[in-house]
Protein chains: 2
Amino acid sequence: MKEERADAARNRAKVLAAAAEVFAAKDPRAVTMDDIAKAAGVGRGTLYRRYPDVASIAVALLDEHEAALQRGLLAGPPPLGPGAPPAERLAAFYTAMADLLEAHGDLALATEIGGRRFEIGAYGFWRAHVLSLLREARIPAPEALADTLLAPLAPEVFKHQRAQGLSLAKVKGALSRLATVVENRPG
Amino acid sequence: MKEERADAARNRAKVLAAAAEVFAAKDPRAVTMDDIAKAAGVGRGTLYRRYPDVASIAVALLDEHEAALQRGLLAGPPPLGPGAPPAERLAAFYTAMADLLEAHGDLALATEIGGRRFEIGAYGFWRAHVLSLLREARIPAPEALADTLLAPLAPEVFKHQRAQGLSLAKVKGALSRLATVVENRPG
DNA sequence: CCTTAAATGGACATCGTGTCCGCTTATTCG
DNA sequence: CGAATAAGCGGACACGATGTCCATTTAAGG
């Protein structure tokens, strides 16, 4: 395992810092490899060396923020972490994701660039989490429901709701209501 | 109001027919104006004369199919049309949309090309419908919930579920479970 | 220092977009 | 019926983004 060369490390940092600014400054879906290269003062080839496309750069930036939430889900205090009933944990997850989208919606949006939402980034992790909650709640055929329940967290959807003038609280309220579907009730 | 010239009408038909085949033949998100022009035996300028982009062509093709469902919602027999309780109507709507996505998923996918899902096509219609059901069910703050409930119908989501091996029935099952959120229950 | 391989960055080829305008063809009117 | 007129057509063009390639630069180690 060779060390990363000093100039390489420096450039990696420059790129990520510059990319964060670029994503914040303009429509994240319109950001181009050139934009980031220019902003970072780096050639395009250098970018491609590490990241295959713009979405990957956004993922790299987002990872850091998502990791915190992921730890909370796995081992944090209830209701986010283990210990609370599934419905409450799902609601807490929704709330936390809404906060994350509110804070880093630009990056999340950039993540969707190639339409690879399901392969790239943390989608698999969120899905596994929801799936385990559904199983714990003894929901029949939980596989399809997991994707269904994650759909409203698509960055596009969240952004659209906020752009419409819906407050963060209102969006969270809607998601919380959704979370009640995991409560088993008389059928 | 001038009549459409005969050759123009002929070309419109040629274009739509060719476009339908092209969308069916390859990844609808990768279809280009050129592809359609070539397939229709028409110049690109002719395409741009009527349709500003690929998504619009897909919308034109999809409209026809969506119109039937729209009529059903407004004036058809229950539970799709008026008369049934909101939860049942929502479930019926979900089922019908799933069938529509199953039959014309390729077009629906092409509709999302520019990331304009919320402005283009029938999204506004579906939203208005769901909103009215939520109001009828006396759900508080229904605006945010409307978008939330429509999110799982995003063509990308449906396609992903089906591609994973989930049967149409399973997907419908998940959606039906979702529909139960409009049932008022003890809080 | 000097060697060596990693790292860089810009040139290149390719593709898709959207516009523009000279040519063609349907329609209308004398 | 044949010319005038305007609608319709389609390819050429300029532009912008992508991803690759390789000559040059630069760090790291002896």
Side-chain angles (χ1 to χ4, degrees), chain A residues 1-19 21-23 25-60 106 109-117 119-120, chain B residues 1-19 21-23 25-60 106 109-117 119-120:
Chain A
M1 187 103 81
K2 258 312 189 55
E3 283 300 320
E4 186 180 43
R5 242 172 67 169
D7 54 345
R10 210 179 324 127
N11 270 347
R12 151 177 277 114
K14 265 204 302 185
V15 163
L16 288 179
E21 286 184 20
V22 174
F23 285 130
K26 56 183 286 191
D27 178 358
R29 285 164 301 188
V31 169
T32 167
M33 283 300 235
D34 240 44
D35 291 334
I36 299 177
K38 286 272 190 5
V42 152
R44 263 154 37 83
T46 306
L47 241 54
Y48 278 107
R49 161 169 294 269
R50 278 195 271 282
Y51 307 103
D53 50 37
V54 185
S56 303
I57 302 182
V59 169
D106 55 337
L109 235 13
T111 274
E112 295 197 315
I113 283 179
R116 342 177 71 67
R117 182 151 63 94
E119 295 133 49
I120 216 177
Chain B
M1 187 104 84
K2 257 310 189 56
E3 281 301 319
E4 185 179 43
R5 240 172 69 170
D7 53 346
R10 210 179 322 127
N11 270 347
R12 150 177 279 116
K14 264 204 301 185
V15 163
L16 288 178
E21 285 184 20
V22 174
F23 284 130
K26 57 183 286 193
D27 179 357
R29 283 163 304 188
V31 169
T32 168
M33 284 299 237
D34 240 43
D35 291 335
I36 299 177
K38 285 271 189 8
V42 152
R44 261 158 30 87
T46 306
L47 241 54
Y48 279 107
R49 161 168 295 267
R50 279 196 269 284
Y51 308 103
D53 50 40
V54 185
S56 303
I57 302 182
V59 169
D106 55 338
L109 235 14
T111 272
E112 295 197 318
I113 283 179
R116 342 179 72 66
R117 182 152 63 93
E119 296 134 47
I120 215 176

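Here is how names work: the chains are called A, B, and so on, in the same order as the sequence lines, proteins then strands, and each is numbered from 1.
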Peer 1: Just how far is it from atom CG of Asp106(B) to atom CD of Glu21(B), taken to the nearest 0.5 Å?
Peer 2: 12.0 Å
Peer 1: On DNA chain C, does the nearest nucleotide to Ala9(A) precede the nearest nucleotide to Asp53(B) from the 5' side, or the other way round? Give the residue.
Peer 2: Ala9(A)
Peer 1: From Arg44(B) CZ over to Tyr48(B) OH, what is the distance, rounded to the nearest 0.5 angstrom?
Peer 2: 5.0 Å
Peer 1: If you round to the nearest 0.5 Å, how far is CG of Asp34(A) from CG of Leu47(A)?
Peer 2: 9.0 Å
Peer 1: Nearest whole angstrom, please: distance from the C1' of dC9(D) to the CZ of Arg49(B).
Peer 2: 7 Å
Peer 1: Of the residues in residues 26-37 of chain A, which ones touch DNA chain C at a heavy-atom distance under 4.0 Å?
Peer 2: none
Peer 1: Looking only at heavy atoms, what is the nearest atom pair of Glu4(A) and Ala8(A), with distance?
Peer 2: CG-CB, 3.8 Å
Peer 1: Restricting to non-hydrogen atoms, name the atom on Ala110(B) and the atom on Ile113(B) that form the minimum distance, rounded to 0.1 Å.
Peer 2: O-CG1, 3.0 Å
Peer 1: Would you tabulate the nitrogen or oxygen pairs shorter than 3.5 Å linking the protein to nucleotides 22-27 of chain C?
Peer 2:
from    : atom 1 : to      : atom 2 : distance (Å)
dT25(C) : O2     : Arg5(B) : NH2    : 3.3
dT27(C) : OP1    : Ala6(B) : N      : 3.3

Peer 1: I need the Asn11(A) CG to Arg5(A) CZ distance, nearest 0.5 Å.
Peer 2: 10.0 Å
Peer 1: Any donor-acceptor pair under 3.5 Å linking the side-chain atoms of Asp35(B) with those of Thr32(B)?
Peer 2: no
Peer 1: Can you list, by residue number, the residues of residues 41-48 of chain B that have a non-hydrogen atom closer than 4.0 angstrom to DNA chain C?
Peer 2: Arg44(B), Tyr48(B)
Peer 1: Are Met33(A) and Ile57(A) close enough that some pair of their side-chain heavy atoms sits under 4.5 Å apart?
Peer 2: yes
Peer 1: Find out whether Phe23(A) and Ile36(A) are in side-chain contact, i.e. whether some heavy atom of one side chain is under 4.5 Å from a heavy atom of the other.
Peer 2: yes
Peer 1: Does OP1 or OP2 of dC9(D) have a side-chain N or O of Asn11(B) closer than 4.0 Å?
Peer 2: yes
Peer 1: In terms of heavy-atom contacts, does NZ of Lys26(A) have more than 12 from other residues, nucleotides or ligands at under 6.0 Å?
Peer 2: yes
Peer 1: Applying side chain to side chain contact (heavy atoms under 4.5 Å, CB included) to Val15(A) and Arg12(A), what does each step give before you reach the verdict?
Peer 2: CA-CA 5 Å; Val15(A) 163; Arg12(A) 151 177 277 114; 5.8 Å; no
Peer 1: Rounding to an integer number of Å, can you tell me how far Ile57(B) CD1 sits from dG18(C) P?
Peer 2: 11 Å
Peer 1: Which whole-number value in Å describes the distance from Ile113(A) CD1 to dA17(D) P?
Peer 2: 12 Å
